[in-house]
Structures are given as C-alpha cells and as structure tokens.
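Data first, discussion second: the structure below is written as structure tokens.
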Amino acid sequence: MVLDKRLGLSETRDLLELASAYIDSIKLTFGTSALYPKAVLREKIKLIRSYGVDVYPGGTLFEIALWQDRLEPFFQCAAELGFTGIEISDGTLTISPKDRRRAIQRAKAHGFKVVTEVGKKIGPPLPVLRMQQMIADDLEAGADKVIIEGRESGKGVGIFDENGNIKTAEMEALVHDLPDFERVLVWEAPLKNQQVSLIKRFGPNVNLGNIAPEEVLALAALRCGLRGDTFGFCLEEQAAVSCRVSGEGGE
Amino acid sequence: MVLDKRLGLSETRDLLELASAYIDSIKLTFGTSALYPKAVLREKIKLIRSYGVDVYPGGTLFEIALWQDRLEPFFQCAAELGFTGIEISDGTLTISPKDRRRAIQRAKAHGFKVVTEVGKKIGPPLPVLRMQQMIADDLEAGADKVIIEGRESGKGVGIFDENGNIKTAEMEALVHDLPDFERVLVWEAPLKNQQVSLIKRFGPNVNLGNIAPEEVLALAALRCGLRGDTFGFCLEEQAAVSCRVSGEGGE
Amino acid sequence: MVLDKRLGLSETRDLLELASAYIDSIKLTFGTSALYPKAVLREKIKLIRSYGVDVYPGGTLFEIALWQDRLEPFFQCAAELGFTGIEISDGTLTISPKDRRRAIQRAKAHGFKVVTEVGKKIGPPLPVLRMQQMIADDLEAGADKVIIEGRESGKGVGIFDENGNIKTAEMEALVHDLPDFERVLVWEAPLKNQQVSLIKRFGPNVNLGNIAPEEVLALAALRCGLRGDTFGFCLEEQAAVSCRVSGEGGE
C-alpha cells in the first residue's frame with residue numbers, strides 16, 4: 001500500500017508503468033483528495049484503476065465525514081469519483097465499537113473494499129489486548145484487511161518505539177491467535193529497518209503499507225533479496241528473478 | 001512559497017495542475033536557475049506564470065550579483081527571463097543598510113515583486129531587535145513581503161532551535177509591534193511540527209515558505225484540518241471543504 | 001553518479017533535460033533493474049544514453065550473478081539491454097581477489113566501462129590498508145573508476161562515521177599514494193555536509209556518487225559556489241556562471 005500525498009498525473013503514470021506489479025493499493029492520504037481539482041482527481045483514479053490497483057482516500061476524510069454526520073454522502077461521493085476502497089479509522093476521533101461496526105457494514109454495502117486501521121495517531125499507544133479485540137471485531141464486521149497504524153513517520157506509534165524500532169512482543173501478540181494473519185493484516189512500515197524486520201519475520205510477501213512512492217521499487221528489491229540488507233534471504237525469489245535478469249538476453 | 005531545487009518541466013506541470021490553488025510563489029532556490037539550460041528555464045517560468053503563480057530566483061544569486069557589482073545586469077536578465085519577483089537577502093554576505101535599501105528600490109523600479117529575507121545562513125542567529133529593525137526598514141523601502149530565514153533544514157536558524165523547535169519568545173517579538181504582520185511576513189518552515197505550530201498560532205492562512213514540492217498538498221491538508229495533527233482546529237475551513245468533498249456527488 | 005531507485009520515464013526525461021550537463025552516470029541501484037518491465041527498462045536506458053550519460057545496474061545484481069555462477073549470461077543480458085557500464089562490488093559477498101580481477105577483465109572484454117566498489121555494506125569497515133590494496137588491484141586489473149562505498153544513508157560506512165561525518169585520516173590515506181586519484185576515485189556522498197567537505201578538500205570537480213536525483217542541481221550549485229555553504233569558495237566557477245546568469249540578458 002503506497003502512501004500518496006502528492007503525485008501528479010505524470011508522476012502517477014510513471015509509478016504505475018514502472019512498478020504497478022508491486023502495488024496492491026494507493027492511498028490518497030490524509031484529506032488530500034478533497035483538495036484536488038475534481039477533474040484531476042477523476043483522471044488519476046481512472047489511471048490507477050486501469051492498472052488493476054485499488055485506490056482509496058485517507059482515513060482522516062472518513063473521520064471528518066463521520067464527525068459531521070455525513071457518512072452517506074461521503075460514501076456516495078467516493079463511489080461516484082471511482083474510489084474502490086474505503087479506510088475506516090479512528091486515528092484522531094473516538095468512535096464507539098457500534099458506530100465503527102456500522103460504518104464498516106455501510107461501506108461494504110456500497111461495494112467498497114474496506115480496510116480498517118487500528119492505532120491512534122496521537123497520545124499513548126493502544127494496549128495490545130485492545131488492538132487484538134479491534135482486529136477481531138473489524139474482521140467479523142466484514143473488513144477485508146486491517147492496517148496497523150504506523151503514520152508517515154513510523155515512530156512512537158503502534159508496534160514502533162520512539163526510534164522506529166519494532167516492539168517485538170507487541171507485534172507477536174497481534175498475530176498470535178489470528179487465523180490467516182498474513183492475508184488480513186497490513187503493517188504500515190515507512191522505514192527501511194521496519195520493512196527488513198517484517199520481511200524477515202513474515203516472509204517476502206508480507207503486506208506493508210505507508211510506502212512512499214519513491215520507495216516502491218527499493219522495497220520490491222528488499223523483498224526478493226536484490227538488496228544488501230536481505231541478500232540471500234529469499235532464495236526462491238532470487239531464482240525467479242535470476243531468470244528474468246540473466247536468462248532473456250536473447251529475446 | 002515552494003522551495004524548488006529540482007523540478008523538471010513535467011514535474012512542474014504536475015505540481016501546478018494538482019496544487020496551484022495552494023501556491024503563491026515558487027523559488028528556484030540557491031543559484032540553481034543559473035544552471036538550467038536557458039530554453040528549459042524560459043519554458044518553466046512561462047508555465048509557472050500561466051497558473052498565476054509568482055516565480056523568483058534564490059537570494060544567493062542576488063548576493064553574488066551584488067558582490068560582483070553586477071546588480072543591474074542581474075535584474076535585467078531576470079526580467080528578460082520572465083521572473084516576476086526578486087529576493088533580496090544577506091544570508092551569506094554582509095550588506096550595509098544603505099545598499100540593501102537601494103537594492104530593494106532598484107528591484108521595485110524594474111517592476112518586480114520584492115521579498116526580502118531576514119536571518120543569516122551561517123554563524124550565530126541575529127538578535128531579535130536587529131531583525132525587527134530590518135523588517136521595518138525593508139517594508140519602508142518598498143519590500144512587498146519579508147521572509148524569516150529557515151533554510152532548507154529548518155534547524156538552528158531564525159526562530160528555530162537546533163532541533164527545529166520554535167523559539168516562541170523570538171517569534172512573538174517579531175510580530176509584537178508589526179502592523180499587518182499576517183500579510184507581510186513569510187515564515188520559512190520546512191518541518192511539519194513548525195507548520196503545525198505556526199498554523200495554530202497565526203491561523204490557517206499564515207504565509208509559509210521553503211515548502212518542499214512534495215509537501216504542498218500535505219500542508220494544505222494541515223491548514224484546513226484534513227490531517228490528524230490539526231483535525232478539528234479549523235472548523236470553518238472544514239465546513240468549506242466538506243461541501244467540496246461530500247456535497248458534489250451528483251455533479 | 002546519480003543513485004536512481006525509482007525514476008519513471010517522464011521523471012528520467014525531466015532530470016536529463018534539466019541537469020544532464022552535471023551527470024556522468026546513473027546507477028539503477030540495488031537489483032531494481034531486474035524488477036522493471038523489460039520494455040520500460042529498454043526505453044529508459046536508451047533515453048539516458050541519448051543524453052551521453054552512462055548507465056549501469058547496481059552492484060548487488062553483479063554479486064547475485066556471481067554467486068549463482070551466471071556471470072557470463074549477466075554480462076550478455078546487460079549488454080543486450082544497452083547498459084554501458086558494470087559495477088563490480090563485494091558489498092555483501094566475500095569475493096576472492098582472483099575472482100574479482102577476473103570479473104573486471106571479463107566485463108571489460110564485453111566492452112563495458114567498469115567501476116568497482118570498495119567497502120562493505122554490513123559489518124565492521126574495511127581497514128584502510130586493505131582498501132588501498134583493493135583500489136590498486138582494481139585499477140591494475142583494468143577498472144575505469146573505483147567507488148568508495150557510502151550506501152544510500154552515508155552513515156557508518158567507508159570514510160563516514162555513524163553520524164555521517166568524514167573520518168579525515170582515512171580519507172587522506174586513500175589518496176596519499178594514489179596517482180591521478182581525482183580522476184579514478186568516486187566518493188559516494190549522499191549527505192550535504194559530506195559533499196561540502198569533499199568539494200572543499202578536492203575541488204569543485206571531485207567525483208561524487210549516490211547523489212539522489214532531487215539533489216543533482218543543488219549539488220551542482222554547491223560545486224560552483226551558488227549556495228550559501230560554498231559561497232565564495234570557487235571563484236573561477238562563479239565568474240563563469242556569472243556570464244551565463246547576468247550577461248545574456250539580451251540574447
């Protein structure tokens with residue numbers, strides 16, 4: 001999942017042309033999608049979808065819509081613009097479990113892929129038990145994936161300490177009793193050391209989020225051992241890549 | 001005010017197409033504009049102006065021209081290239097008040113918008129009293145705006161300490177006796193915490209400078225409460241945005 | 001030498017159109033070139049070459065090919081794709097002096113410009129005496145240039161300490177007995193303070209590497225004194241630039 005706070009149309013095209021194979025979804029982060037000229041936004045969403053990549057607005061926009069009691073017009077507007085997904089978060093607001101569950105269900109009813117986010121942007125981190133409960137509740141309510149909040153900075157939030165290092169016990173607790181966690185969890189991990197640790201722990205296909213557009217290829221290289229930090233880690237991927245690199249000289 | 005040290009023509013077009021509504025001016029920073037192929041520079045300036053955005057070369061180029069006693073050819077060349085503004089600074093050189101005043105007046109006589117910069121790039125920060133005096137002198141000499149130096153780093157310069165935090169007393173002293181300071185002052189504030197503090201102190205329309213191109217939309221989101229850090233801060237702006245986000249689904 | 005981990009076709013064109021005069025070579029870093037769609041890679045290489053700039057894959061890709069005993073297909077594939085250079089490194093693997101020498105010679109036999117890299121990506125830094133020996137051996141084996149490893153971070157590697165400051169004694173030792181070191185050595189120096197120090201020590205034309213694409217013009221400004229940090233340092237360059245800036249107003 002790419003965190004996009006700035007890509008214009010040419011830059012979006014460049015990114016997709018080069019690296020769409022390594023991207024599941026693009027988040028137009030914060031409330032930025034509200035600030036685009038409408039025609040540019042429509043064209044950008046269309047472009048992203050043409051590469052088979054999902055696109056959704058930042059959770060902040062959902063929180064504002066909820067806070068203003070305008071959830072239905074928000075979903076309608078997002079659908080009409082072409083967004084394929086919705087992020088349900090409570091990074092800033094406090095939302096009751098009932099309202100959260102209802103928001104997930106309403107977004108699903110509109111046909112969106114629904115990703116929820118667990119973790120607060122400000123204040124003390126959530127206790128692990130609370131995060132476990134939220135993940136279970138969200139999935140039970142119909143969420144397709146659950147994102148573990150990492151912010152754009154990757155520091156002092158969720159499973160990351162103030163220096164951006166992973167708090168291993170917290171991370172392990174989150175996956176301990178969760179069936180199919182490889183598929184449903186997305187770890188926001190903007191920093192390289194976080195990406196390396198998560199790849200080494202959960203394998204090369206671990207879902208990572210808040211990846212800066214300029215890091216997409218570098219992360220793909222990390223995943224398949226094409227970078228010093230993970231060299232030799234993912235033998236099978238290397239074999240596959242090797243064929244692509246060295247074996248097509250005569251094509 | 002965007003600090004541009006690198007945008008090519010497509011990237012410039014992308015930025016303007018997406019976010020020109022949130023940009024007053026673009027500074028081709030340092031002496032970079034001297035390093036462009038001339039045809040590319042002309043086309044870029046024309047493009048920026050076509051969006052109603054001001055464009056001016058970095059203050060370093062002015063200082064070099066003054067140092068070489070070639071101010072008049074510098075102004076002529078800048079005008080001929082299409083620059084709409086000039087930055088008068090003494091970040092590196094020592095310039096007498098008389099020369100500074102004269103430079104402002106000559107730039108105005110060429111028809112430029114004139115922004116002056118107060119603060120040294122190297123060495124101990126200027127005392128506040130000195131900065132106050134310079135601001136008053138520059139405005140009296142005809143400057144349109146005065147920039148408070150923050151460098152590209154935002155650390156250990158002007159109103160920022162070594163960690164990039166705002167020195168509140170210095171900041172307050174600068175605006176204390178200055179009529180119309182909201183309009184005439186521009187705060188160079190490249191870091192997010194600085195932007196948040198200045199928005200909270202001076203309101204969502206505070207003039208900010210040295211904004212990286214990739215941060216323009218993110219800053220616009222901060223200004224109008226569409227990001228966790230300022231959520232709920234700017235109610236009126238949110239209401240306005242809400243209309244744009246949620247209310248036009250049927251257009 | 002630009003470290004490119006992400007440029008799409010429009011961005012590559014933008015960079016070259018704006019700044020090709022200041023670029024000797026572009027490295028498609030790590031193993032990223034193995035991850036491009038083949039057609040995009042071919043077009044990008046062609047574009048880079050059309051500006052007279054060298055282009056080569058990251059050393060990690062060479063190391064993987066060597067490790068898989070597929071060096072010949074790797075060189076053939078790189079040549080067929082249009083790469084003009086090859087980087088021979090042992091940042092991650094341990095390679096015997098004999099294998100290293102042989103790899104250099106084989107790459108030369110394929111017609112590539114050969115740059116070797118000295119320094120480990122992980123673990124304790126190499127002793128200076130070892131680096132000196134490797135540099136001498138590589139040049140003797142036919143290498144065109146030798147890169148001193150600095151990684152993308154510029155910290156805790158080669159001649160840089162954990163904070164990214166230059167270890168002066170090590171740096172001086174490397175050039176002490178090396179004839180023509182200005183031409184053959186390339187210093188990877190991603191951070192500004194490193195660039196400033198190396199320019200001040202070795203002059204404005206010092207070979208620098210691992211320059212981020214967005215820093216190319218800013219570095220060119222540093223080199224010729226068009227930025228506060230080196231203002232007044234390079235008088236001749238300033239004079240030259242002055243002609244371009246101020247003297248062509250009437251063209």
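Both backbone and side-chain heavy atoms feed into the values below; hydrogens, waters and symmetry mates do not. Proteins get letters first, then strands, A, B, ... in listed order; numbering begins at 1 in each. Small disclaimer: the values here were computed from a predicted structure and weren't measured.
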Would you mind checking which part of Glu63(B) comes under 4.5 Å of any heavy atom in chain C, side chain (CB onward), backbone (N, CA, C, O), both or neither?
both
Lys5(B)/Arg227(C) under side chain to side chain contact (heavy atoms under 4.5 Å, CB included): CA gap, chis, key distance, verdict
CA-CA 11 Å; Lys5(B) 62 181 178 184; Arg227(C) 196 167 166 189; 5.8 Å; no
Report, by ascending residue number, the residues of residues 6-21 of chain C in heavy-atom contact with chain B at a distance under 4.5 Å; give 'none' if the set is empty.
Ser10(C), Glu11(C), Asp14(C), Glu17(C), Leu18(C)
Other residues, nucleotides and ligands only: do more than 12 of their heavy atoms fall within 6.0 Å of NZ on Lys192(B)?
yes
Mind listing the closest non-hydrogen atom pair of Cys224(C) and Leu35(B) along with its distance?
SG-CD2, 3.9 Å
Counting neighbours of NZ on Lys113(C) that are heavy atoms of other residues, nucleotides or ligands and sit closer than 6.0 Å, is the number greater than 12?
no
Shortest non-hydrogen separation from Leu226(C) to Phe30(B) and the atoms involved:
O-CB, 3.3 Å
Can you say whether Thr60(B) sits under 4.5 Å from chain C via the side chain, the backbone, both, or neither, judging by heavy atoms?
both
May I ask you to check whether over 12 heavy atoms, not counting those of Lys46(C), lie within 6.0 Å of atom NZ?
no
Taking atom CZ as the centre, does Arg102(B) end up with more than 12 heavy-atom neighbours from other residues, nucleotides or ligands that are less than 6.0 angstrom away?
no
Quick check: are there more than 12 heavy atoms from other residues, nucleotides or ligands sitting under 6.0 Å from CG of Asp180(C)?
yes
